[in-house]
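Scroll down for the structure; my scribbles are underneath it.
These numbers were taken from a predicted model, which means no experiment stands behind them.
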Amino acid sequence: MQKPNLRPVVPHFSSGPCAKRPGWSPENLKHAALGRSHRAKEGKAKLVEVIDRSRQLLGMPADYRLGIVPASDTGAVEMALWSLLGARPVDLLGWESFGIEWVNDVTKQLKLKDVRPITAPYGRLPDLAQVDWSHDVVFTWNGTTSGVRVPDGNWIADDRQGLAICDATSAVFAMDLPWAKLDVVTWSWQKVLGGEAAHGMLALSPRAVARLESYTPPWPLPKIFRLTKGGKLIDGVFAGETINTPSLLCTEDQIDALRWAEGIGGLKSLIARSEASLEVIADWVAKTPWVDFLAEDPVTRSCTSVCLKIVDPAFLALPDADKTAAVKALVAPIEKEGVAFDIAGHRDAPPGIRIWCGATVETSDVAALTHWLDWAFAETRPTFKKTA
Ligand SMILES: Cc1ncc(COP(=O)(O)O)c(C=O)c1O
């Protein structure tokens with residue numbers, strides 16, 4: 001097969017850090033409050049700007065709190081789990097590595113006893129009807145390593161007594177989130193908007209705040225996790241007074257990303273860009289015999305972390321241990337050509353391909369990539385037997 005002529009303009013398809021927004025340049029960061037204190041008026045105003053623009057763009061209810069917290073999405077999720085859990089039984093949903101991490105964290109680190117892990121293998125969602133909404137419920141909106149997302153929030157009870165705690169890092173800004181159904185929502189800057197890493201966002205519903213103010217967990221909390229003082233919410237965390245020092249360069253970059261998102265038409269446009277890329281991949285998968293979605297049910301297919309499995313008989317005949325090497329061999333020529341980086345599936349997922357299709361990726365680049373995948377597959381298939 002001949003090498004395709006057309007190349008993606010941007011070869012960045014990693015699922016995190018994700019591609020910078022189209023037109024990004026370091027020049028856009030020249031107004032960063034560098035060398036200034038994040039507690040000074042200018043620095044704090046930048047942090048507040050990230051919070052305000054994020055709220056606005058996402059259509060977050062006015063009575064929800066939103067704060068910038070340390071340690072990226074993991075930091076935000078851990079703060080929520082360690083600060084809120086233990087007051088009620090907990091249902092823990094996991095269907096890929098990140099969700100399973102939260103299951104392990106709650107069962108093995110917090111050592112909560114009254115928990116129900118509700119899990120499913122890669123490619124599927126667990127049975128959401130099993131969830132008991134008198135319990136707290138922990139789940140990811142989009143399973144980044146399997147490309148399986150919950151299709152909507154209809155399974156979340158409006159009159160729930162427990163809290164719906166949602167790790168939404170690869171969903172926010174690319175999927176519609178039903179805010180009234182969610183009590184805790186977390187994300188990071190480097191996913192759908194292509195920001196810089198290390199900062200987390202933590203959104204809390206009034207019910208989550210009420211829990212924080214009425215319940216004290218029995219375990220010690222490091223300063224970095226603390227959201228209350230003397231039984232009251234630390235308001236400053238939600239008003240740009242971060243717990244520890246943030247990067248004002250990353251902050252400026254996030255403001256740039258949020259401005260870009262507003263400029264292209266806001267959340268609707270972000271979602272449309274992502275869904276359009278998913279559609280291009282779906283069309284390609286439909287006519288390509290060697291590849292299929294890892295997500296079994298089309299309504300659960302992620303529009304951001306699109307995970308594909310290889311279903312060619314020569315690949316399937318390989319011993320499991322050799323499949324990872326075969327995927328490496330498949331993506332190597334694409335990477336060598338500078339056409340696409342970081343598209344091998346996550347190390348914990350079944351060996352396959354993962355193509356990030358969040359809003360900062362151009363659909364035309366995704367379309368161009370599919371031709372290169374066809375080319376690489378034709379080149380690599382004869383070697384599958386030898387990868388052992
Ligand atoms: C669903 C999910 N949760 C958590 C994480 C960890 O995020 P971070 O590296 O921002 O802490 C990721 C990263 O890809 C993720 O996709």
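Of the inter-residue distances, the one linking R21 atom CZ with T360 atom OG1 reads 11.0 Å to the nearest 0.5 angstrom. Separating the CH2 atom in W187 from the CG atom in L66 is a distance of 4.5 Å, to the nearest 0.5 Å. Within the model, atoms OG of S72 and NZ of K191 stand 7.0 Å from one another, a figure rounded to the nearest 0.5 Å. Remark: L58 CG to W179 CH2 distance equals 5.5 Å, nearest 0.5 Å. Here the straight-line distance linking atom CG of L182 with atom CG of L163 works out to 11.0 Å at 0.5 Å rounding. Atom OG in S302 sits 10.0 Å away from atom CD1 in I281 (nearest 0.5 Å).
At least one donor-acceptor pair under 3.5 Å links the side chain of R7 to the backbone N or O of E337. A donor-acceptor pair is defined here as one N or O able to donate and one able to accept, closer than 3.5 Å; such a pair exists between the side chain of N28 and the backbone of S25. Proximity of a side-chain donor or acceptor of S205 to a complementary backbone N or O of A208 within less than 3.5 Å is detected. Side-chain N or O atoms of E49 include none that pairs as donor or acceptor with a backbone N or O of I51 at under 3.5 Å. Between the side chain of T186 and the main chain of L202, no donor-acceptor pair closer than 3.5 Å is present. Under the 3.5 Å distance criterion, the side-chain polar atoms of E27 are left unmatched by any main-chain donor or acceptor of K30. Counting only distance, with no hydrogens or angles, the side chain of T288 and the backbone of V291 share no donor-acceptor pair below 3.5 Å. Checked by atom type and distance alone, the side chain of S274 never pairs as donor or acceptor with a backbone atom of I271 at under 3.5 Å. Distance alone, capped at 3.5 Å, places no donor-acceptor pair between the Y64 side chain and the V184 backbone. Side chain of H199 to backbone of T251: no donor-acceptor contact under 3.5 angstrom is found.
Donor-acceptor pairing under 3.5 Å is recorded for the side chains of T363 and S277. Looking only at atom types and distance, the side chain of S15 has no donor-acceptor partner in the side chain of D342 under 3.5 Å away. With no hydrogens or angles considered, no side-chain donor-acceptor pair links E362 and S364 at under 3.5 Å. Judged by distance alone, the side chains of D348 and T145 never bring a donor and an acceptor atom under 3.5 Å apart. No side-chain donor-acceptor contact under 3.5 Å links W189 and D253. Counting only N and O atoms by type, the side chains of W284 and D374 include a donor and acceptor under 3.5 Å apart. For T74 and E101, the side-chain atoms include no donor-acceptor pair closer than 3.5 Å. Under 3.5 Å, the side chains of D105 and W82 contain a donor-acceptor pair of N or O atoms. Between the side chains of S305 and T144, no donor-acceptor pair is found at a separation under 3.5 Å.
Salt bridge status for R65 with D235: present, with a side-chain N to carboxylate O gap under 4.0 Å. The pair K268-E275 does not meet the salt-bridge criterion, since no charged nitrogen lies less than 4.0 angstrom from a carboxylate oxygen. Note on E262 versus R53: salt bridge recorded, some NZ/NE/NH1/NH2 to OD/OE distance being below 4.0 Å. Electrostatic pairing of D256 and R259 does not count as a salt bridge here, judged by no charged N lying under 4.0 Å from a carboxylate O. With respect to the salt-bridge test (charged N to carboxylate O, under 4.0 angstrom), the residues R207 and D183 qualify. Between D132 and R116 no salt bridge is recorded (no basic side-chain N to carboxylate O distance below 4.0 Å).
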### Task
Would you sort out whether S188 and T169 count as a side-chain hydrogen bond (donor to acceptor under 3.5 Å, both in side chains), showing the intermediate values?
CA-CA 6 Å; S188 70; T169 195; 3.3 Å; yes
#### Entry: Derivation and outcome, side chain to side chain contact (heavy atoms under 4.5 Å, CB included), residues Y215 and S83
CA-CA 9 Å; Y215 165 75; S83 301; over 6 Å; no
### Message
Between L308 and V285, is the side chain to side chain contact (heavy atoms under 4.5 Å, CB included) condition met? List the steps.
### Response
CA-CA 9 Å; L308 303 171; V285 167; 3.9 Å; yes
### Message
Assess the residue pair V185 and V172 against the criterion (side chain to side chain contact (heavy atoms under 4.5 Å, CB included)); give the C-alpha distance rounded to whole Å, side-chain angles, the decisive distance to 0.1 Å, and a yes or no.
### Response
CA-CA 9 Å; V185 182; V172 169; 4.2 Å; yes
### Message
Go through it in stages, so that I can follow the logic: the residues are W102 and T140, the test is side chain to side chain contact (heavy atoms under 4.5 Å, CB included), and I'd like the CA-CA distance, side-chain angles, deciding distance and then a yes or no.
### Response
CA-CA 9 Å; W102 306 140; T140 52; 4.1 Å; yes
### Message
Pair K44, E241 - check salt bridge (charged side-chain N to carboxylate O under 4.0 Å, His left out), show working.
### Response
CA-CA 7 Å; K44 189 175 156 191; E241 290 161 26; 3.0 Å; yes
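Checking each of F315, W290, W372 against F377 for a ring pair (Phe, Tyr, Trp, His ring centres under 6.0 Å) leaves exactly one that passes, namely W290. Shown are E252, Q254, H31; of these, the side-chain hydrogen bond (donor to acceptor under 3.5 Å, both in side chains) with K46 is made only by E252.
For the residue pair S54 and L258, the shortest heavy atom distance occurs at OG-CD1, 3.6 Å. Contact between G240 and L47 at its shortest, heavy atoms only, is O-CD1, 3.4 Å. Taking all atoms of both residues into account, the shortest heavy-atom contact from R55 to A62 is NH2-O, 3.3 Å. The minimum heavy-atom distance linking I165 with A80 is given by the pair CG2-CB, 4.4 Å. Residues D365 and V10 approach most closely at OD2-N, 3.1 Å, considering heavy atoms. In this structure, L369 and A340 approach most closely via the heavy-atom pair CD1-CB, 3.6 Å.
A 6.0 Å sphere centred on CZ of R124 holds no more than 12 heavy atoms belonging to other residues, nucleotides or ligands. The 12-atom threshold is not exceeded at CD of Q56, counting heavy atoms of other residues, nucleotides or ligands nearer than 6.0 Å. Within 6.0 Å of CG in N5 there are 12 or fewer heavy atoms belonging to other residues, nucleotides or ligands.
In this structure, W356 has its ring center at least 6.0 angstrom away from the ring center of F13.
Residues V106 and L81 are in side-chain contact: their nearest non-hydrogen atoms beyond the backbone lie under 4.5 Å apart. Taking the side chain as every heavy atom from C-beta outward, L84 and L212 approach each other to under 4.5 Å. Counting heavy atoms from C-beta on, the side chains of L373 and I343 come closer than 4.5 Å. Side chains of I264 and L270 form a contact here, defined as non-hydrogen atoms less than 4.5 Å apart. Within the 4.5 Å cutoff, side-chain heavy atoms of P22 are placed close to those of R273.
Aromatic ring pairs are classed by plane angle as parallel below 30°, tilted from 30° to 60° and perpendicular above 60°; the pair F139 and W141 is tilted. Between W155 and W133, the angle of the ring planes lies from 30° to 60°, which puts this pair in the tilted group.
Under the 4.5 Å side-chain heavy-atom criterion for Ile, Leu, Val, Met, Phe, Trp and Tyr, V331 and M1 are members of the same hydrophobic cluster. Residues M79 and V137 do not share a hydrophobic cluster, defined by chaining ILVMFWY side chains whose heavy atoms lie under 4.5 Å apart.
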